[in-house]
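Here the structure is a predicted model, which means the values were calculated and not measured. Naming: A, B, ... by sequence-line order, numbering from 1 per chain.
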Number of protein chains: 2
Amino acid sequence: MNTRVTIVDVAARAGVAISSVSSALNNRPGVSDETRRRIVQAAQDLGFVPSLRGRSLSAKRAFAVGLVVHRDPSVLESDPFFGAFIGGIETVLDPRDYALILQMGSEPVETLDRYRSLAANRRVDGVFLPELGVDDPRVPLVQELGLPAVGVNAEPDFPLPAVRQGHVEGVHELVAHFAALGHRRLALVTGPHEFIHARQRRVAFAEAVALHGLRLDDVVEGDFTYEGGIAAAGAMLEGRAPQDRPTAVLCSNDLSAIGFLARAGELGLRVPDDLSVAGFDGIRLGTYVRPTLTTIGTAPRLLGAEAARMLLDQIDGLTVDDVDIEHASLVVRGSTGPVPSGHLASVR
Amino acid sequence: MNTRVTIVDVAARAGVAISSVSSALNNRPGVSDETRRRIVQAAQDLGFVPSLRGRSLSAKRAFAVGLVVHRDPSVLESDPFFGAFIGGIETVLDPRDYALILQMGSEPVETLDRYRSLAANRRVDGVFLPELGVDDPRVPLVQELGLPAVGVNAEPDFPLPAVRQGHVEGVHELVAHFAALGHRRLALVTGPHEFIHARQRRVAFAEAVALHGLRLDDVVEGDFTYEGGIAAAGAMLEGRAPQDRPTAVLCSNDLSAIGFLARAGELGLRVPDDLSVAGFDGIRLGTYVRPTLTTIGTAPRLLGAEAARMLLDQIDGLTVDDVDIEHASLVVRGSTGPVPSGHLASVR
DNA sequence: TTGAAAGCGGTACCAA
DNA sequence: TTGGTACCGCTTTCAA
């Protein structure tokens, strides 16, 4: 039990050369059915599992892909995106005998180094690029390193293969929802400008608002955190007369929306009676809070699965086309409702 | 740029044998200072990074350790433990050039298979065993496989190296806190009995309650989820007269405590005026909710770091002693307060 | 101290 | 169709 079964053992038992074992077990042609059968039998008898290390060295592959999570160490802790994203990745990796190497880098610079060393010692065959920033330095890096990569929710002109989930439609649905409820004065809590997805959501919201002939009263920059939502609510609502406040707010992610809700409540505003609030993501937590959070539901799990498929295909030398998964769409729950009556009159 | 720099290149440039390069670069004796200097210089000039694959095959090591997360696919999503735990692991792995391989198995059986295949193809040199169950099948498995492993929060008689964070003290602190606030009738929402940490918390609570001469009114089994907390609150509070209710409740983790809080609120109970509620973990979310959650703060990050250190040492052939990190302790926040006045009178 | 060479466990090419 | 063998890139004896 101490010494492992190698391909040599299998060859010996089947009475063939190791090259035949290799061919047979990898379903390559050039082995007679009879020999193949004997080899498979021998392998099974011996409980042979090819060593990843041997294969790795010879095949010049790591059979692993990498995900580097950056930002604060508590990302995984408070941001449900990665959990679901990783879950999706796993569903694809596992059947194809690949493994996921997860690394965390607190600061952007450190993150780059992680990618660099993953590539340098060839620990991975490719990487995911989630949470893309504007002019993200990881892009030229992987290009320079010749490291296969897949971008997640990238811009249209992204130079690498990417998987995207449309955000525009969901935002339009939400604004239409607001409009139908009589809201005229909307506001937005964005994410940090350096993130592409923050910008995408902002642009889509502004467009939709204009399209419906509504007013974009206020835009406050948040940071995708709960605390950021609290701060944004303070900035947007505190000390303002009802007539001066927006009646419907979109926060760029659910976490900040939930913070926003909490602060709004502390300021004496009832949601959705005095104010409608919506988030973006569709995290589970949004169904926990009261009122439950209206949101634009995304599919990080699917995004992960598709990204993994694209990455493995790319590693296999296939040409991969960008993929658009089903767009995010509105999920109406308890935090949005009709515009306060006072505001109906005040319009126009 | 296309072909990588190997040890052969370095040897050639330094004008020495590859064995000398290996010795020199790994700080092994038997190389003269002068030669060593030349080799280091050459390596640097060429930007040599040893191939993990070559090392791996030759050294019979994967230079990676594995973490298999089981239970529902949404674990990482809603349970902040793993994010912090992984963060802690990383801080130790990275400087020692190890990587973390993360896998997810939804069902326990599947999880076992993951461990099995990780061991079979030698993708990892060791594994973490978090969230131990009673008679956890992973334990005999890793023993049989001869796979180094470290248990997290294991029982005292655990047969493998383990890192633990004391839970008893924190629970005692909490019960003392309850007692000081005048509470006499306590209750507990546990986690599933099959988890060791659920049982540990239950036992500690019962002991502490007895020690203070208080009453353990009610014990309801939860499932460590928000929904479980909601259900537990329903079972414990709904349709009961104030005199029949406990006045202070410990939920076995924060997430369920937060669900408990929400449901209590819906049932018209004010926390902490009508009822005190505490959790266990110290997750960030507990500071978001209103009232903020009194809890017993744990240190998953530290647990991860220590577990990683122990695992790597074990892999290096060192004998590792079990480690106890600073025990979890009480964090008083807003969800606990004085016993309702009606109950003060009713005691005795 | 240095260098040559034998593995580690596979893959893949080439002759037989 | 088979078997032999040269790698893959490093570590580790063992002579020189």
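Checking A:Thr35 against B:Gly54, the closest nucleotide of DNA chain D that is more toward the 5' end is the one next to A:Thr35.
Across all strands shown, A:Val49 has heavy atoms under 4.0 Å from sugar-phosphate atoms exclusively, and none from any base. Nucleic acid contact class of A:Arg55 (heavy atoms, under 4.0 Å, all strands): sugar-phosphate only. Note on B:Ser22: a base of the nucleic acid sits closer than 4.0 angstrom, heavy atoms only. B:Ser56 comes within 4.0 angstrom of nothing in the nucleic acid, heavy atoms only.
Residues from residues 23-30 of chain B lying near DNA chain D, meaning a heavy-atom separation below 4.0 Å, are B:Asn26, B:Arg28 in numerical order. Residues from residues 12-20 of chain B lying near DNA chain D, meaning a heavy-atom separation below 4.0 Å, are B:Ile18, B:Ser19 in numerical order.
Rounding to whole angstrom units, CZ of residue B:Phe63 and P of D:dG9 are separated by 17 Å. Across the protein-nucleic acid pair, A:Ile7 atom CD1 and C:dG9 atom P stand 11 Å apart, rounded to whole Å. Separating the CD1 atom of B:Ile39 from the C1' atom of C:dG3 is a distance of 11 Å, rounded to the nearest angstrom. A straight line from CG of B:Asp33 to P of C:dT1 spans 9 Å, rounded to a whole angstrom. D:dC8 atom P lies 13 Å from atom CZ of B:Arg53, rounded to whole Å. Atom NZ of A:Lys60 and atom C1' of D:dC10 are 13 Å apart (whole Å). Taking atom CG of B:Leu52 as the reference point, atom C1' of D:dT11 lies 14 Å away to the nearest angstrom. B:Leu57 places its CG atom 9 Å from the C1' atom of C:dG7, with the value rounded to the nearest Å.
Classification of the B:Phe85-B:Phe82 ring pair by plane angle, with boundaries at 30° and 60°, yields perpendicular.
Between the side chain of B:Asn121 and the backbone N or O of B:Arg123, at least one donor-acceptor pair lies under 3.5 Å.
Heavy-atom minimum distance, A:Arg122 versus A:Ala62: O-CB, 3.6 Å. Taking each heavy atom of B:Val10 and B:Ile39 in turn, the nearest pair found is CG1-O, 4.0 Å. Nearest heavy-atom pair, B:Ala149 versus B:Pro161, reported as atom, atom and distance to 0.1 Å: O-CD, 3.8 Å.
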Audit row: B:Asp125, B:Arg96, salt bridge (charged side-chain N to carboxylate O under 4.0 Å, His left out) steps and yes/no: CA-CA 13 Å; B:Asp125 299 325; B:Arg96 291 173 70 166; over 6 Å; no
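The pair A:Arg38-A:Asp45 does not meet the salt-bridge criterion, since no charged nitrogen lies less than 4.0 angstrom from a carboxylate oxygen.
Rounding to the nearest 0.5 Å gives a distance of 5.5 Å between CZ of B:Phe81 and CG of B:Leu303. Note that CZ of A:Arg164 and CD of A:Glu306 are 12.5 Å apart. Values are rounded to the nearest 0.5 Å.
OP1 or OP2 of D:dT2 has at least one side-chain nitrogen or oxygen of A:Ser32 nearer than 4.0 Å.
Nearest to the side-chain atoms of A:Val31 among the listed nucleotides C:dG9, D:dT2, D:dC10 stands D:dT2.
B:Thr35 and B:Ser32 share a donor-acceptor pair across their side chains, judged by distance under 3.5 Å alone.
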